[in-house]
There are 2 protein chains.
Amino acid sequence: MNSQSEEDYLKALYHLEMDFDAVSTNSIADYLDMKPSSVTDMLKKLAEKKFINYEKYKGTSLTKKGRLIALSIIRKHRLWETFLVEKLGFGWDQVHIIAEQLEHIKSEELIENLDNFLGNPKYDPHGDPIPNKDGEIEKMNQKLLVELKASQKGIITGVKKGTASLLNYLDKEKVKLGDSVKVIEILEFDGTYIVEINKRKLTFSEKICQNLLLETND
Amino acid sequence: MNSQSEEDYLKALYHLEMDFDAVSTNSIADYLDMKPSSVTDMLKKLAEKKFINYEKYKGTSLTKKGRLIALSIIRKHRLWETFLVEKLGFGWDQVHIIAEQLEHIKSEELIENLDNFLGNPKYDPHGDPIPNKDGEIEKMNQKLLVELKASQKGIITGVKKGTASLLNYLDKEKVKLGDSVKVIEILEFDGTYIVEINKRKLTFSEKICQNLLLETND
DNA sequence: CGTAATTTTTAGTCTTGTCTAAAAATATAT
DNA sequence: ATATATTTTTAGACAAGACTAAAAATTACG
Ligand SMILES: [Mn+2]
Ligand SMILES: [Mn+2]
Ligand SMILES: [Mn+2]
Ligand SMILES: [Mn+2]
């Protein structure tokens with residue numbers, strides 16, 4: 001069984017991976033309002049348990065195992081928030097702190113019964129999608145890279161149909177699904193994108209940008 | 001704010017004070033499945049906070065302050081149990097462990113809203129009275145079935161602690177909380193009770209009679 | 001490039017809540 | 001009443017999870 005603290009770290013990791021390219025020790029410390037040294041200690045523990053990929057000084061990312069745990073906590077959090085608003089009459093702005101505690105209650109059956117009681121809601125009171133019990137979560141905003149403007153970010157989720165060769169190209173460039181992309185600059189005269197992936201600057205033609213799918217957070 | 005552990009100790013103290021006159025270090029250790037030395041440590045801390053009266057080697061008792069905290073935890077415990085049974089469809093015997101966690105969620109407003117949502121119930125699914133928010137709790141005229149003599153009557157209000165399996169048995173026999181019981185005959189040689197419930201004759205072993213709680217009118 | 005600034009990790013401390021082993025106090029029984 | 005048994009407390013250890021201060025690695029800049 002994972003501790004409350006471990007669960008909060010994994011959840012933080014999940015949210016930070018959405019918003020920023022690299023998840024740094026300091027960003028976690030900021031997010032959780034803790035000191036970076038405390039974060040380092042916990043990262044070691046989570047790496048030991050194979051919940052994250054962690055290399056000293058190199059930042060960190062969730063493993064599949066870790067992501068599933070994070071999603072199960074987020075599922076609980078959002079179901080409880082829904083309960084608090086729909087059934088107990090709380091305002092949408094009051095429920096987060098309480099759900100922060102309720103999300104750690106241990107009982108598979110409890111959360112499935114709660115889900116059914118609430119009528120298997122798809123979204124929480126803040127409009128965020130509720131992951132299902134297998135950790136599947138609706139992709140909120142799937143966009144093409146070409147739709148992004150300079151400084152916007154996204155996570156690579158796939159390519160458009162009939163463009164398998166693009167996958168090969170990405171592979172060769174060491175770009176994988178799940179990698180974060182940040183638009184650095186868009187060249188005006190031919191629509192070329194300069195982007196940053198894994199701290200490397202890459203150049204994508206307009207055609208590539210028209211076929212590369214991203215998940216964004218707006 | 002008190003820790004989960006402190007709250008569990010205070011609740012244990014409250015329950016033990018009901019059943020026994022003096023609350024010994026060992027009885028608390030037994031109840032909470034901990035070592036007596038750990039209990040001593042915690043008793044010092046609770047005494048420091050003025051939640052208990054404690055003198056080395058002399059046993060302990062709750063102060064008014066401590067009793068109020070214990071009752072507020074018991075209130076939460078029983079309201080959550082009621083929620084789990086009434087709204088989420090859990091059985092009597094499944095809810096205690098989950099409520100053991102839920103009772104520690106911190107939010108005054110949460111518990112008041114839950115109380116209203118449930119229609120301000122007076123009793124939990126085990127027939128135990130729910131304290132109000134001022135820590136007032138109904139004192140029941142409760143007896144064990146084994147204390148009744150032939151021809152006496154009572155209303156089933158619950159079972160003693162740690163006898164969840166008895167609840168299952170009663171369920172199977174279609175015996176519910178609130179049912180009236182009349183003692184028809186007590187077999188002398190093994191203490192078996194023949195009782196009438198809902199116009200049906202049932203046979204209860206002595207052990208069952210030692211664990212079945214009734215409300216009587218004397 | 002080389003130095004300065006920043007980030008991250010290490011080393012060591014603290015608190016909470018548990019434990020074991022042993023000592024001290026109290027209770028029981030001859 | 002004294003010896004024995006039981007209960008309770010003390011002393012010391014440990015794990016989790018936080019912190020501070022300082023060292024080490026990385027990144028940024030002149
Ligand atoms: Mn939380
Ligand atoms: Mn939400
Ligand atoms: Mn509890
Ligand atoms: Mn109960």
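Lettering follows sequence order; numbering is per chain, from 1.
- The two residues A/L79 and A/P121 have their closest heavy-atom pair at CD2-CG, 3.8 Å.
- B/K44 comes within 4.0 angstrom of the backbone, heavy atoms only, and of no base.
- Residues A/D33 and B/P36 each lie close to DNA chain D; by heavy-atom proximity, the contact nearer the 5' end of the strand is made by B/P36.
- For the pair B/M42 CE and C/dT18 C1', the computed distance is 10 Å after rounding to whole Å.
- Under 3.5 Å, the side chain of B/T25 and the base of D/dT9 form no donor-acceptor pair of N or O atoms.
- Look at CD1 on A/I28: it is 11 Å from C1' on C/dT8, rounded to the nearest Å.
- The base of D/dT20 is paired with the side chain of A/S37 by a donor and an acceptor separated by under 3.5 Å.
- Within the 4.0 angstrom heavy-atom criterion, no nucleotide atom of any strand lies near B/K58.
- In this structure, B/K87 is positioned above the aromatic face of B/F117, its NZ or CZ under 6.0 Å from the six-membered ring centre and within 45° of the axis.
- Rounded to an integer number of Å, the gap from CD of A/E55 to C1' of C/dT7 is 17 Å.
- Contact annotation: A/N26 does not reach the phosphate of C/dT6 (side-chain N/O to OP1 or OP2, under 4.0 Å).
- Across all strands shown, A/T40 has heavy atoms under 4.0 Å from base atoms, whether or not it also approaches the sugar-phosphate.
- Taking side-chain N and O atoms only, B/S24 has no distance below 4.0 Å to OP1 or OP2 of D/dT7.
- In this model, a donor atom of one side chain and an acceptor atom of the other lie less than 3.5 Å apart for B/Q142 and B/T157.
- Heavy-atom contacts from other residues, nucleotides or ligands closer than 6.0 Å to CD1 of B/I97 number 12 or fewer.
- Atom CG of A/D8 is separated from atom P of D/dA18 by 9 Å (rounded to the nearest Å).
- Protein atom NZ of A/K35 is 16 Å distant from nucleotide atom C1' of C/dT13, rounded to whole Å.
- OP1 or OP2 of C/dT8 has not a single side-chain nitrogen or oxygen of A/Y54 nearer than 4.0 Å.
- Each of C/dA24, C/dT8, D/dG17 was ranked by its minimum atom distance to the side chain of B/Y57; first place goes to C/dA24.
- For B/L43 and C/dG17, the CG to P distance is 13 Å, given to the nearest whole Å.
- One finds a side-chain N or O of B/K56 lying less than 4.0 angstrom from the OP1 or OP2 phosphate oxygen of D/dT10.
- Taking atom CG of residue B/D30 and atom C1' of nucleotide D/dT8, one finds them 13 Å apart after rounding to whole Å.
- Side-chain nitrogen and oxygen atoms of A/K45 include none within less than 4.0 Å of the OP1 or OP2 phosphate oxygen of D/dA16.
- Separating the NZ atom of A/K49 from the P atom of D/dA16 is a distance of 9 Å, rounded to the nearest angstrom.
- No option in A/E108, A/E112, A/E103 other than A/E112 meets the salt bridge (charged side-chain N to carboxylate O under 4.0 Å, His left out) test with A/R75.
- Residues A/D8 and A/H104 bring a donor and an acceptor atom of their side chains to less than 3.5 Å of each other.
- In this model, the phosphate group of C/dT16 is not approached by any side-chain N or O of B/Y9 to a distance below 4.0 Å at OP1 or OP2.
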